[in-house]
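Just so you know, these numbers come straight off a predicted model, no measurement behind them.
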Amino acid sequence: MSSKRMPKWADVLLVPILSLIIAFALSALVILAIGEDPVRAMRLMITGALGSTYGWGYTLYFTTNFLLTGLGVSIAFQARLFNIGGEGQALIGGLGVALVCLFIPWPHWSLAIIAAIAASAIFGAVWAAIPAYLQAKRGSHIVITTIMFNFIAFSLMNYMLSHVLRPPTSMDPATARFDNVLRLPRLHDILAPMGIDFSRAGPANVMLFVALLACVLAYFLMWRTRLGFEIRAFGKSEPAAHYAGISGVKIIMVAMLISGALSGMMAVNSVMGGPQRLVMNAVEGAGFIGIAVALMGRSHPIGIIAPALLFGFLFQGGSELALETTIPREMIIIIQALVIMFTGALDNMVRTPLESLFALMRRRT
């Protein structure tokens, strides 16, 4: 294992930091190639994402999405299950949120958010349960089935928003707006009583704290309970887990149900906390970004917090960059893709030389 070839701190901190430096260096070259100043571009990104409470409001809003989808992917990764279906699970979770908010008259947001979290988690878990069953009982590869279920979820959502939930007087494929009483408190509402002035326009809301609590609870589940030990043991060695009496079918189903539930919960933030209605692009790619967040965070429930914040920064900073420069939106997507590539797919490009360096240092000492 790489952790035996290099210190833990290097595996957890040095590898991701060097990967980010390489990704940003290549991004600077891309920006330079199209005639823009990379230093000015980085300054605009930092100012746009972190230079005001308005920017922080959007950065933390995106961070909330990535925390929940990244956490869902992390739980599946711990069982060595590559759940690429977070996007579809979040879409279906949004359907659960919409049904709860549209058809039940809630007197207060605090009751509605509990029901919305439960509904989104159940809908997301059910959507993940089908690929999990096919993997556990039929041997169908989880990567293939979860990818296909993303397409099915999108088609189902398109039908529901175009033909079932769309108000008769509207042409948009979206539901009606929720009752104003269901609007989630934003950071402005939470911090104002403490005397902290935060932008009203920033969409970050109470779901940020729900997402952070979910990370803490997931940590205790994975490292302080028997179920968590069984999931991790199954992920480390399936034959050894079977020898120890751990049911593979149970672990695959449970891990995927938890993963789908967490991804589905993301929709509470992007539906109740955002446009206050269910729209087609409510997930905004967060299910796929969650994969990169999980990889950067080493599939650790606490470790994913910093990567989620990083991608929140990239999303908000990239939006500001598109407004203030001639850099096209496609180039900003390339920058985000470079970060994902070097922190995920090309992780060993940095890890292998570092392992060799630390091995050489040990031999010399």
Side chain to side chain contact (heavy atoms under 4.5 Å, CB included) between Asn158 and His163: does it pass, once the steps are laid out?
CA-CA 8 Å; Asn158 189 26; His163 301 283; over 6 Å; no
Without swapping roles, check the side chain of Arg232 against the backbone of Met222 for a donor-acceptor pair under 3.5 Å.
yes
What about Phe77 and Phe82, are their ring centers closer than 6.0 Å?
yes
With a 4.5 Å cut-off on side-chain heavy atoms, are Ile252 and Phe234 touching?
yes
To the closest 0.5 Å, what do you measure between OG (Ser27) and CG (Leu338)?
4.5 Å
Sequence neighbours left out, what pairs pass salt bridge (Lys or Arg N to Asp or Glu O under 4.0 Å) with at least one residue falling in residues 293-316?
Asp11-Arg298, Arg298-Asp347
Only one of Val254, Ile251, Thr225 clears side chain to side chain contact (heavy atoms under 4.5 Å, CB included) with Glu230; which?
Ile251
Rounded at 0.5 Å granularity, tell me how far CD1 in Ile289 sits from CG in Leu310.
10.0 Å
Trp223 vs Tyr219 aromatic rings, parallel, tilted or perpendicular, using cut-offs 30° and 60°?
parallel
Smallest separation among heavy atoms of Ser140 and Thr145, with atom names:
CB-CG2, 3.9 Å
Could you measure the distance from the CD1 atom of Ile75 to the CG atom of Leu257? Nearest 0.5 Å is fine.
12.5 Å
Say whether Leu18 and Leu357 are linked into one hydrophobic cluster, either directly or through other cluster members, by side-chain heavy-atom distances under 4.5 angstrom.
yes
Specify the closest pair of heavy atoms between Val283 and Gly287, including all atoms of both residues, with the distance to one decimal.
CG1-N, 4.0 Å
Sub-4.5 Å side-chain heavy-atom contact between Leu227 and Leu221:
yes
Which heavy atom of Met266 sits nearest to which heavy atom of Ser270, and what is that distance?
CE-OG, 3.1 Å
Phe209 side chain near Ile190 side chain, heavy-atom distance below 4.5 Å
yes
Backbone of Leu187 reached by a side-chain donor or acceptor of Asp189 within 3.5 Å:
no
Could you state whether Phe229 and Met256 fall into the same hydrophobic cluster, counting links through intermediate Ile, Leu, Val, Met, Phe, Trp or Tyr residues with side-chain heavy atoms under 4.5 angstrom apart?
no
Within the structure provided, determine whether Phe220 and Val216 are in side-chain contact (heavy-atom separation under 4.5 Å).
yes
Measuring only between side-chain heavy atoms, which start at C-beta, is Asn150 closer than 4.5 Å to Glu87?
yes
Residue pair Cys215 / Ile305, side-chain heavy-atom distance below 4.5 Å:
yes
Counting only pairs under 3.5 Å, give me each side-chain donor-acceptor contact of residues 66-73, with atom names and distances, residues two or more places apart or in other chains.
{"residue": "Thr69", "atom": "OG1", "partner": "Asn65", "partner atom": "O", "Å": "3.1"}
{"residue": "Thr69", "atom": "OG1", "partner": "Ala286", "partner atom": "O", "Å": "2.9"}

So for atom NE2, which belongs to His141, do other residues, nucleotides or ligands contribute more than 12 heavy atoms lying within a distance under 6.0 Å?
no
Hey, does the side chain of Ser170 reach the backbone of Pro167 with a donor-acceptor pair shorter than 3.5 angstrom?
no
Taking the side chain from Arg277 and the backbone from Val271, do they hold a donor-acceptor pair closer than 3.5 Å?
no
According to a hydrophobic-cluster definition based on side-chain heavy atoms being under 4.5 Å apart (Ile, Leu, Val, Met, Phe, Trp, Tyr only), do Leu165 and Trp106 belong together?
yes
Validation: residues 88-100 side-chain donor-acceptor distances under 3.5 Å, sequence neighbours left out:
{"residue": "Gln89", "atom": "OE1", "partner": "Asn83", "partner atom": "ND2", "Å": "3.2"}
{"residue": "Gln89", "atom": "NE2", "partner": "Asn83", "partner atom": "OD1", "Å": "3.2"}
{"residue": "Gln89", "atom": "NE2", "partner": "Gly85", "partner atom": "O", "Å": "3.3"}

Atom pair CD1/NE2 of Ile113 and His108 - distance to nearest 0.5 Å:
11.0 Å
Any chance you could measure Phe313, atom CZ, to Trp56, atom CH2, to the nearest 0.5 Å?
10.0 Å
Out of curiosity, Thr63 OG1 to Leu309 CG, how far, rounded to the nearest 0.5 Å?
4.5 Å
Least distance between heavy atoms, Val143 atom then Thr146 atom
O-OG1, 3.2 Å
Could you tell me whether the side chain of Ser263 and the main chain of Gly260 form a donor-acceptor pair under 3.5 Å?
no
Does the Asn269 side chain pair with the main chain of Tyr61, one donor and one acceptor, at a distance under 3.5 Å?
yes
When the side chains of residues 42-54 are checked against the rest of the protein, which donor-acceptor pairs come out under 3.5 Å, sequence neighbours left out?
{"residue": "Thr47", "atom": "OG1", "partner": "Arg43", "partner atom": "O", "Å": "2.8"}
{"residue": "Ser52", "atom": "OG", "partner": "Gly55", "partner atom": "N", "Å": "3.1"}
{"residue": "Thr53", "atom": "OG1", "partner": "Ser199", "partner atom": "N", "Å": "3.1"}

Hey, does the side chain of Ser237 reach the backbone of Ala233 with a donor-acceptor pair shorter than 3.5 angstrom?
no
Donor-acceptor contact below 3.5 Å, side chain Gln276 vs main chain Met272
yes
Less than 3.5 Å apart, which donor and acceptor atoms pair up between the side chains of residues 116-133 and the rest of the protein, not counting sequence neighbours?
{"residue": "Ser120", "atom": "OG", "partner": "Ala116", "partner atom": "O", "Å": "2.9"}
{"residue": "Ser120", "atom": "OG", "partner": "Ile117", "partner atom": "O", "Å": "3.0"}
{"residue": "Trp127", "atom": "NE1", "partner": "Phe149", "partner atom": "O", "Å": "3.1"}

Only distances under 3.5 Å count here; give the side-chain donor-acceptor pairs of residues 171-181 to other protein atoms, sequence neighbours excluded, each with its distance to 0.1 Å.
{"residue": "Thr175", "atom": "OG1", "partner": "Leu278", "partner atom": "N", "Å": "3.0"}
{"residue": "Arg177", "atom": "NH1", "partner": "Pro275", "partner atom": "O", "Å": "2.7"}
{"residue": "Asp179", "atom": "OD1", "partner": "Val181", "partner atom": "N", "Å": "3.0"}

Shortest non-hydrogen pair, Leu60 vs Thr64, comes out as O-OG1, 2.8 Å
Check: Thr352 main-chain N/O paired with Ser356 side-chain donor or acceptor under 3.5 Å
yes
same_hphob_cluster(Val30, Leu32) at 4.5 Å side-chain heavy-atom cutoff:
no
Applying a strict under-4.5 Å side-chain criterion to I, L, V, M, F, W and Y, I'd like to know whether Ile231 and Leu217 cluster together.
no
Give the minimum heavy-atom separation between Ala41 and Ile31, together with the two atoms involved.
CB-CD1, 3.9 Å
Just by modelled atom types, is the Leu360 backbone N or O under 3.5 Å from a matching donor or acceptor in the Arg364 side chain?
no
Any side-chain heavy-atom pair of Phe358 and Pro7 under 4.5 Å
yes
